[in-house]
Amino acid sequence: MQVQNPFPLSRDELLTVYRQMRTIREFEERLHIDFGRGDIPGFVHLYAGEEATAAGIMHHLNDGDRIASTHRGHGHCIAKGVDVVGMMKEIYGKKGGSCNGKGGSMHIADLSRGMMGANGILGAGGPLICGAALAAKYRNKGEVGICFFGDGASNQGTILESMNLAGVWNLPVIFVVENNGYAESTSRDYGTAVDSYVDRAAGFGLPGVTVDGTDFFAVHEAAGAVIKRAREGGGPSLLECKMVRYFGHFEGDAQTYRAPGELDDIRANHNCLKILGDQLTAAGIISQSELTKIDEEVMVLIEHSVKEAKAAPFPTLADLTTDVYINY
Amino acid sequence: MQVQNPFPLSRDELLTVYRQMRTIREFEERLHIDFGRGDIPGFVHLYAGEEATAAGIMHHLNDGDRIASTHRGHGHCIAKGVDVVGMMKEIYGKKGGSCNGKGGSMHIADLSRGMMGANGILGAGGPLICGAALAAKYRNKGEVGICFFGDGASNQGTILESMNLAGVWNLPVIFVVENNGYAESTSRDYGTAVDSYVDRAAGFGLPGVTVDGTDFFAVHEAAGAVIKRAREGGGPSLLECKMVRYFGHFEGDAQTYRAPGELDDIRANHNCLKILGDQLTAAGIISQSELTKIDEEVMVLIEHSVKEAKAAPFPTLADLTTDVYINY
Amino acid sequence: MARKISMKQAVNEALDQAMAADPTVICMGEDIVGGAGGNGEMDAWGGVLGVTKGLYAKHPKQMMDTPLSESAYIGAAIGAAACGMRPVAELMFIDFMGVCFDQIFNQAAKFKYMFGGKAETPVVIRCMVGAGFRAAAQHSQMLTPLFAHIPGLKVVCPSNAYDTKGLLIQSIRDNDPVIFCEHKNLYAHECEVPEASYTIPFGEANIVREGKHCTIVTYGLMVHRSLDAAAVLAKEGVEVEIVDLRTLSPLDMDTVLESVTKTGRLVCVDEASPRCNIATDISAQVCMHAFGALKAQIEMVTPPHTPVPFSPVLEDMYIPSAAQIATAVRKTIKGSK
Amino acid sequence: MARKISMKQAVNEALDQAMAADPTVICMGEDIVGGAGGNGEMDAWGGVLGVTKGLYAKHPKQMMDTPLSESAYIGAAIGAAACGMRPVAELMFIDFMGVCFDQIFNQAAKFKYMFGGKAETPVVIRCMVGAGFRAAAQHSQMLTPLFAHIPGLKVVCPSNAYDTKGLLIQSIRDNDPVIFCEHKNLYAHECEVPEASYTIPFGEANIVREGKHCTIVTYGLMVHRSLDAAAVLAKEGVEVEIVDLRTLSPLDMDTVLESVTKTGRLVCVDEASPRCNIATDISAQVCMHAFGALKAQIEMVTPPHTPVPFSPVLEDMYIPSAAQIATAVRKTIKGSK
Ligand SMILES: Cc1ncc(C[n+]2csc(CCOP(=O)(O)OP(=O)(O)O)c2C)c(N)n1
Ligand SMILES: Cc1ncc(C[n+]2csc(CCOP(=O)(O)OP(=O)(O)O)c2C)c(N)n1
Ligand SMILES: [Mg+2]
Ligand SMILES: [Mg+2]
């Protein structure tokens, strides 16, 4: 018996999306473990819990569409098609990593996939994506730019100025607020003086919409509309995705600022992967065993990436002083 | 026969306000002439045409209330009680000027009068006034801070961040947009992506109100309400004053970006001094001859200030290296 | 004074004592308390590395968390300073100066001069500096030269817990704007520190090791690398004198010149990028004012002219090492006029 | 090439020719066109001092006015550069760098390195520098050292119209981020400039006067003050060699070292504040790499460690004068080992 697909994506696409979200999840869960073991140097900010937003938006994009990411960039990278093994090598500081070990977790980029870089400076992606969108306007092929930023970063002057600039120049940019309720340990409600990001957007003449960022289909639909609008010359808009973060702000954060039980509730009731899996199986178009098979394949991929990362050589003295300039 | 005073200010206060506005006007008209003669060095931005806003707001303030001003600061200074002779000397770069000749037109300050400085950096006053207001909160005497900025500067990150900060800390700050329609030669409508500053304010959770900045009584009333609110702990708000600028962006600007006839219309129909004078005489509480007498006295004061400024000595080599640090 | 505490604790204690002594001292920064607006613990963080932990409990009115808007709150600290407060604002990493530099260098630094002397801006801006934390290009910079360049600013960069406490209390009492640089790789470093409040004056360098063959001028973490180098050199019979500048603006050139006059040789060690840095500054001033005393070329030891790399192996090569410093000393000792 | 044009015209012509040659070259800045959104003339300003006047008429699609948001549009220029354009963004006065420095030093400058070599950011940031315009403390700074300090940036500061045109076209064609500094007090200065497009390579200093007794190393307006000093000194029998650096990063140390090796004496002249500036940089490098050639101390001539004062009399005392330069030369000539 043929089951009707109630979703706006084909069965294959749905499997791909699920795989992508699971890949992000496993990538992050694994980093969490390996960081705890002391294998991983530096500051590491994990995207686990927020996968539906990256996947829901990136499903609409091609390599010619640019994204500017944040300090919490692994999910954006994977959803934008950056090679997972290269990423893992990068996080381990190895040669052959996405940035040859020079950037690390906070600076993974792949311009060939339209990924303009994770960024260690809050809000810095706002101006940069305006530039990408301006270039797109000159090329006139309907490409768009997406600027990701957190609820905390929403109060950086760069983001605010960029919303105005995007309006003034009518740029094909989507400002995506990833509202996970916290900036480090500080509640969103403390740091942001306005309740609704839709009002914030209106202050710059931008249409805004809020969605449940843990619901892939909600994000996918809302993003589809604003991206279509931007591609057609309708200009910038803002998309707020309400979401949850599974791990601490960075690895090592004990999260004592959360209410008792908050994390348990998040993992039990706001697990975007489980939500998607349930939606797919409930509709009867994908079976649990198919999902489990994907889960297993992803585990293999992540295990492989860690092995590769550990085996890869470190950069050498010769690498220290290259890549500063194109010529000098 | 006793005439009823229909205004919220006493007759004496009204005379003082008129004198203040006339002083600003004559100060600026005179600078315009003297700049044309080559007497005055540097960049000079004149406030003529915008007097009602400075006067309408400053009438509510005491020395303990702080203002942060702009590059176009002469009017704010005079309305806040800064000595006119000291100002003129400063603009001439002379010893005994408000800043002993070290600051010039763009940096006149008098902290003893709560005037925290004209500022050569657009938007820089936003953060500074938040600090002044924070200090006021600690002192707990009901003092407020006023941040002046232009329609152009309204798009600086510093101003935008400050609106949010003022909201987060519930600071007694009024953000005053002096909307004269232009930033240098660029129309407000080009540079600011939102139509209404009330919407802009709402984007930061701030109440906002727009008034005719050329009508002293309109400004006075609106400012009174938001200042009272701030004094009583009600927090920040935004006040947009729509106004006109008589002279070029700075002296030397030919204003070819204006529509033909625009300036004539401004001077004929949007002259805030004439509007105030007409309101006062029409109400019958002050006669035209009284106003004319004030006009004449102001002329004498300005003439005097110019004479003093020209006669004052220049600073000397010894002054060059003082006042950098308190001790070093 | 047998008590040893870490540099991290020294910062905490200095802030604690300064706030206790003066209610106009207020601290502000991102998550310097932590947990604001939430339903969990307050004081949940005490700063990103826990440096200010516990201060909120003692001084709840003087500890303020901020939105993530450095321009606004650093500028607010400056504005409050001009209105009678003594704010200590934390710029988490000095690398973030790019989003708020105007308030520091065009406002705070210039008020007094622009206003003809009629302003005081007693603000302190605390920030973490330096490499070695595997924090990559945007969280590992030294950047002290950018601030030392600016007239009107004072710049402090201590190398140990004792200096940290005394210099931070002095910074807070000082009436000029101060950039207070804390090396994140020295936070754990311990030494003896008096419990009572004390100050160390600005512009007084510290000779941390006496010697007669060569002077090393440095500051911050590089003091320790230089000491390591000196220990190696001593075995070769080379006695190095090490000057820890402590404050980079004002600068104690008297001590530097005196030492170079004695030793005749100079190595300047700076963790900042090589161009227009503190090392070039000291070299140039010595070459101008004590040229006659120089027996050989002045050597500089700095990182290469590159951003700070992430990979631990690269970062370790990036940061000047004791070996590089020792090599530089040997070079100038071999050198002659 | 008998045609003389001003430095202002040279900038205009370079932009004109670069835009004509390459449609990916776009210019953006505040009022660089002027009149946008209004009912009067378009192209009403052509920049605050009229430097870009007329370019809009010729290249309407390549000339963009911006809101007053330096972070946003300078950053947009950088982002566009990373996506295939060659933007030339105008930061009206270099003094405004404080509101947008992050985009320049943490983004543009570091992309290539942080991303492991896989990025190009061919952006040019044009800005006015320098004192003498009676524009006071926030519109008169040099600030070149702050940019030269940063690995990943190139910094150019021409002293005449010929160099301006060639270096600006080179800056636009260059694939790294370039800070292009135009001295506002040189805009009116004229010299012979070819009409056709040409480039001057980076890292090649120019010997603007040959001499054998002392080398002066400088750039920008100070080249002219140094020439004036040289003319006075020549009457005293002192022949000065003047090296105009032209690009501050990269730096042509070969030419500097060669000249100092020949003359044995060095004066560094810099209009930037004295601490950690270009003068200290050159002095230190010479003292390290050509110590043996030095016959006397290196002198530096800079303004005092103060903000730029407004009053014309003070500002004139602030800016290094030909007399001060001549005095410095005489001092080093009298000096000895
Ligand atoms: C300009 C700047 N200020 C401060 C920081 C330090 N910092 C890094 S992440 C972070 C919190 C960000 O919160 P949010 O924007 O909500 O993103 P989330 O971490 O929740 O994804 C802070 C304060 C920074 N990296 N850059
Ligand atoms: C950060 C910064 N950018 C640019 C400038 C140059 N500038 C000075 S005034 C001005 C226009 C300001 O327009 P607006 O804010 O509307 O004030 P108005 O001049 O109309 O009073 C500009 C661009 C500056 N001083 N500071
Ligand atoms: Mg968040
Ligand atoms: Mg305006």
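Residue numbering restarts at 1 for every chain, and letters A, B, ... go by the order of the sequence lines. Owing to the predicted nature of the structure, the values given are computational and were not obtained by experimental measurement.
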*What part of A:D323 lies closer than 4.5 angstrom to a heavy atom of chain C: side chain, backbone, both or neither?*
neither

_Options A:G103, A:G157, A:A183, A:G252, ranked by heavy-atom pairs under 4.5 Å with chain C, top entry_ = A:G103

*With a 4.5 angstrom heavy-atom cut-off, could you sort out which part of C:E315 is near chain A: side chain, backbone, both or neither?*
neither

_A:L122 portion near chain C, given a 4.5 angstrom heavy-atom threshold_ = side chain

*Just do the side chain to side chain contact (heavy atoms under 4.5 Å, CB included) check on C:Q138 and A:M106 with the steps written out, would you?*
CA-CA 9 Å; C:Q138 295 173 338; A:M106 257 192 295; 6.0 Å; no

*Non-hydrogen atoms of chain C under 4.5 Å away: do they reach the side chain of A:T322, the backbone, both or neither?*
neither

*asked:* Restricting to non-hydrogen atoms, name the atom on A:P315 and the atom on C:V313 that form the minimum distance, rounded to 0.1 Å.
replied: O-CG2, 3.5 Å

*For each of A:L160, A:N119, A:D189, A:T192, tally heavy-atom pairs with chain C at distances under 4.5 Å, and name the one with the top tally.*
A:N119

_Contact class of A:A153 relative to chain C, heavy atoms under 4.5 angstrom_ = backbone

_Within this structure, what is the CZ-CD distance for the pair A:R258 and C:E41, rounded to the nearest 0.5 Å?_
13.5 Å

_Shortest non-hydrogen contact between C:V48 and A:E184, atoms and distance_ = CG2-OE2, 4.2 Å

_Contact class of A:Y182 relative to chain C, heavy atoms under 4.5 angstrom_ = neither

*Considering only heavy atoms and a distance below 4.5 Å, find which of A:Y257, A:Y92, A:F250 pairs most often with chain C.*
A:Y257

*Closest contact, heavy atoms only, A:H107 versus C:A136*: CD2-CB, 3.5 Å

*asked:* Is it true that, when you exclude A:K310 itself, more than 12 heavy atoms of the residues, nucleotides or ligands shown sit nearer than 6.0 Å to its NZ?
replied: yes

*Is there a donor-acceptor pair closer than 3.5 Å between any side-chain N or O of C:S69 and the backbone N or O of A:Q156?*
no

*Structural part of A:I91 lying under 4.5 Å from a heavy atom of chain C*: backbone

*Check A:P41, A:C99, A:S105 against C:F310 for a side chain to side chain contact (heavy atoms under 4.5 Å, CB included) and give me the one that passes.*
A:P41

*Backbone N/O of C:G35 and side chain of A:Y190: donor-acceptor pair under 3.5 Å*: no

*How close do A:K102 and C:L314 get, heavy atom to heavy atom, and via which atoms?*
CG-CD1, 3.9 Å

*Which class fits the ring pair A:F43 and C:F93: parallel under 30°, tilted 30 to 60°, perpendicular over 60°?*
perpendicular

*Within 6.0 angstrom of A:K94 NZ, more than 12 heavy atoms from elsewhere*: yes

_Side chains of C:D31 and A:T186: any donor to acceptor distance under 3.5 Å?_
yes

*Quick one: CZ on C:F96 to CD1 on A:I121, what's the gap to the nearest 0.5 Å?*
5.0 Å

*Under 6.0 Å from the CG atom of A:D265, do we count more than 12 heavy atoms belonging to anything else shown?*
yes

*Contact leader toward chain C among A:G191, A:G150, A:S185, where contacts are heavy-atom pairs under 4.5 Å*: A:S185

_I need the A:T316 OG1 to C:M317 CE distance, nearest 0.5 Å._
6.5 Å

*Heavy atoms only, distances under 4.5 angstrom: which of C:C100, C:S311, C:G34 has the most pairs with chain A? Name it, please.*
C:S311

*Over all heavy atoms of both residues, which pair between C:G38 and A:S187 is shortest? Give the atoms and the distance, please.*
N-CB, 3.7 Å

*Mind checking the CZ-CG spacing from A:F149 to C:L68? Nearest 0.5 Å is all I need.*
12.5 Å

*Is atom NZ of C:K331 surrounded by more than 12 heavy atoms (other residues, nucleotides or ligands) closer than 6.0 Å?*
no

_C:F147: ring-ring contact (aromatic ring centres under 6.0 Å, His included) partners, not counting sequence neighbours_ = C:F101

*chain A: which of C:A44, C:S71, C:G98 shares the most heavy-atom pairs with it under 4.5 Å?*
C:A44

